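Just so we're on the same page: letters track the sequence lines, and every chain starts at 1. What you are looking at is a predicted structure, and each value in this text was computed from that prediction instead of being measured.
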Number of protein chains: 2
Amino acid sequence: MSRSERETPGSPENGAAGTAAGPVAGFRTGGPVTLRTIAERAGVHPSTVSRALKRSAGGDETARRIRELAAELGYRPDAAAASLRTRRSGAVGVLVHRLTDVVQAILFEAIEHTVLELGYQAIVANTYDDPDQQRRRVELMLTRRVDGLILADAHLDRSYVDWVAELDIPFVLVNRHAGDYPSVTLDDYLGGRLAGSHLADLGHARVGVLRGLPHSSASSERMAGCLDALRERGVDVPEDAVEATTLDASTGREGMRRLLERRPDTTAVFAVNDFDALGAVIALREAGREPGVDVAVVGFNDVPVAEAAQLTTVRSPHATMGAAATRMLMDVIEGRHVESMRLSPELIVRATSCPPPTPSPNPPQPSAQPHDHRGSAVL
Amino acid sequence: MSRSERETPGSPENGAAGTAAGPVAGFRTGGPVTLRTIAERAGVHPSTVSRALKRSAGGDETARRIRELAAELGYRPDAAAASLRTRRSGAVGVLVHRLTDVVQAILFEAIEHTVLELGYQAIVANTYDDPDQQRRRVELMLTRRVDGLILADAHLDRSYVDWVAELDIPFVLVNRHAGDYPSVTLDDYLGGRLAGSHLADLGHARVGVLRGLPHSSASSERMAGCLDALRERGVDVPEDAVEATTLDASTGREGMRRLLERRPDTTAVFAVNDFDALGAVIALREAGREPGVDVAVVGFNDVPVAEAAQLTTVRSPHATMGAAATRMLMDVIEGRHVESMRLSPELIVRATSCPPPTPSPNPPQPSAQPHDHRGSAVL
DNA sequence: ATGAAAGCGCTAACAA
DNA sequence: TTGTTAGCGCTTTCAT
């Protein structure tokens, strides 16, 4: 049922013709195929081969023969050797707090896609928002001689980004900003305001907040925007109506649970992250309160599952952000001037939006009628 | 508001003492710090420095001085140069279908954690289950001279894995198996059987299946196991009660919707993936059927959100799988014999489990009583 | 334990 | 266009 690669077929000495299209694994005469191997076969100098392979389309006679030969022999350029010589690795490092956060994964997919188009490769590392790991992983990236860094895990506390800045390697921030370093972020404050205004428009006066990570500019500004917008409309959110969460459903659920215990008269919740919001939806259902009927829930990001769950949320264009950050990094690498970017959020109203159930200031009873789920949250 | 790294402080010529702990950015005399830089300062030969730095704890007098100096100067070994010389990159390549699938992200986090402990670095690539991209990304890995490959995106169609096997690079499969290559997978067939038996135990006779990706051994065997277990209990699942999905909530929701249209008398659904199952939960609610009351839903994987959503599911130990695959790859790299592993699934019964609502073969009416969500699905 | 010397595979002057 | 030469930074024999 299993087998080691050591038993891989293809003896190393046969120079037989290819079985099908593509390079033939067993063609090489001894070691791996290098420029020299090809040069010898073609009767030219290695540097000629190097040049011929560079311009992948050049029309010269010998160049064509060389490229043919390279393909036949299954030549693969040695990135380490090239990097050593050119002082450019063709790799960019991406630091995220963790890829199991789908927002970070989306960001990385976009970055990877964009760097690939530009002929680079992306190397990603999870830092779990831990300062030690952040430093360790950046060091590792430097050891790999990446040409630049994209940090998606910046902390408001500037010590991390300031340290990176002293390393003298091109870098940009994405998703979270810190200090005055070049960054591509959402206008999170505005996004928070959209959520807050939306809830105020609906008439909510008792709003809770699941506030996410205090060290993240995204979390913090989203909350600040929401609180400000509510305050301007005469709605104050007391401190004990705010719960910290870690951007996943289980802490969102727990936070909502605690919030309901302390303030059972809550009629609306804003979560700085969709998964926290989903957790809130779950906790509300467990408490017999129907989201979108008894209690309004607004999330943030518009991750894929949010649409399916009919969650009202603030959309953040993560793929655009990743692509823009990549291009910005290229500008920094090439010494061009860059300006930080702030993308615009968009409010997406779905089924978890609703007005407060009763105009009375008393704690509302859990609604006793059967719900038509078509008009409320479904996840 | 923004600034280029070119303006980074620290003039290149000052040899001043450190501001605080750690390497001093501005210490180097001109270019980057290499072994030679340190050697000159220490008055020894570069090879001596290389040796001293290798044994990070060696007690020699000069060795200690050298290590001190290296730290002071902020020396970072050049991985490319070392790799070129030693023919080992210290990197392993990981190919996943996509990191926005949280299962793949969990797998990668575990792999990254394990390789880091072993002194390696992990480089991940999304292939989107596309044969072209798979080949392209593997080629890129070879160019980077990774020491081995972990493929989480194998297809049942062996052409991809067979091609990789001919490349003569150590590799193992994880999560999905194909051919007889070394792999670490769940016993997906057994997992499917657990789900099927569970539904049969509950008395379900009209079961639908959200079957996932046909090219994935995991998806296929989960469905096969479920169908077999049901059949042995006298329950047949007709072909038109099976819907293909792509492992996310939106296709799960659509699949469930179509299934309900064709077979409104369905009393239970098995989804080969939790997100498909969540999509089914959503579609059921939209159709006015309460999951865990009117219709039973069983997912697969036990991703974090499944617990919060109170979803019955089959647990797959992805972190264990990633770690085991990494260790297996190391064995292959070092030429040791390896045996494929199959881990054991575990049924996790939660609130979306329920018996069929009525014993009558007629399509049941949407339940008209208010639900106590405490006993049913909450997400 | 240290020094000397060679070379991994590639590219970029420079010369022809 | 092609060949020559040199060297990126490191490790590893071999000799001392």
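- Contact footprint of chain A on DNA chain D: nucleotides with an atom under 4.0 Å from a non-hydrogen protein atom, first to last in 5' to 3' order, dT1(D) to dG9(D).
- In this view, His113(B) satisfies the side chain to side chain donor-acceptor pair (under 3.5 Å) rule with no residue, not counting sequence neighbours.
- For Ser47(B), the side-chain contact (heavy atoms from CB on, under 4.5 Å) test picks out His45(B), Arg51(B), with sequence neighbours left out.
- Residues passing the salt bridge (Lys or Arg N to Asp or Glu O under 4.0 Å) test with Arg145(B), sequence neighbours excluded: Asp78(A).
- Contacts of Arg36(A) classified as salt bridge (Lys or Arg N to Asp or Glu O under 4.0 Å), with partners at least two apart in sequence or in another chain: Glu40(A).
- Five base pairs at each end of the helix from dA1(C)-dT16(D) to dA16(C)-dT1(D) define two local axes, and these are offset by 30° (rounded to 10°).
- For Asp162(B), the salt bridge (Lys or Arg N to Asp or Glu O under 4.0 Å) partners two or more places apart in sequence, or in a different chain, are Arg158(B).
- With sequence neighbours left out, the side chain to side chain donor-acceptor pair (under 3.5 Å) criterion links Glu68(B) to no other residue.
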Intermediate values then yes/no, side-chain hydrogen bond (donor to acceptor under 3.5 Å, both in side chains), Tyr75(A) and Arg67(A): CA-CA 10 Å; Tyr75(A) 169 71; Arg67(A) 266 178 268 122; over 6 Å; no
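- The salt bridge (Lys or Arg N to Asp or Glu O under 4.0 Å) check on Arg87(B) picks up nothing, with sequence neighbours excluded.
- Here Thr62(A) lies in heavy-atom contact (under 4.0 Å) with sugar-phosphate atoms only.
- Taking Arg327(A) as the reference, nothing meets the side chain to side chain donor-acceptor pair (under 3.5 Å) condition, with sequence neighbours excluded.
- For Asp129(B), the side chain to side chain donor-acceptor pair (under 3.5 Å) test picks out His155(B), Arg176(B), His215(B), with sequence neighbours left out.
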Per-nucleotide protein contact string for nucleotides 5-12 of chain C (B base, S sugar-phosphate only, - none; heavy atom under 4.0 Å): BBBBBBBB
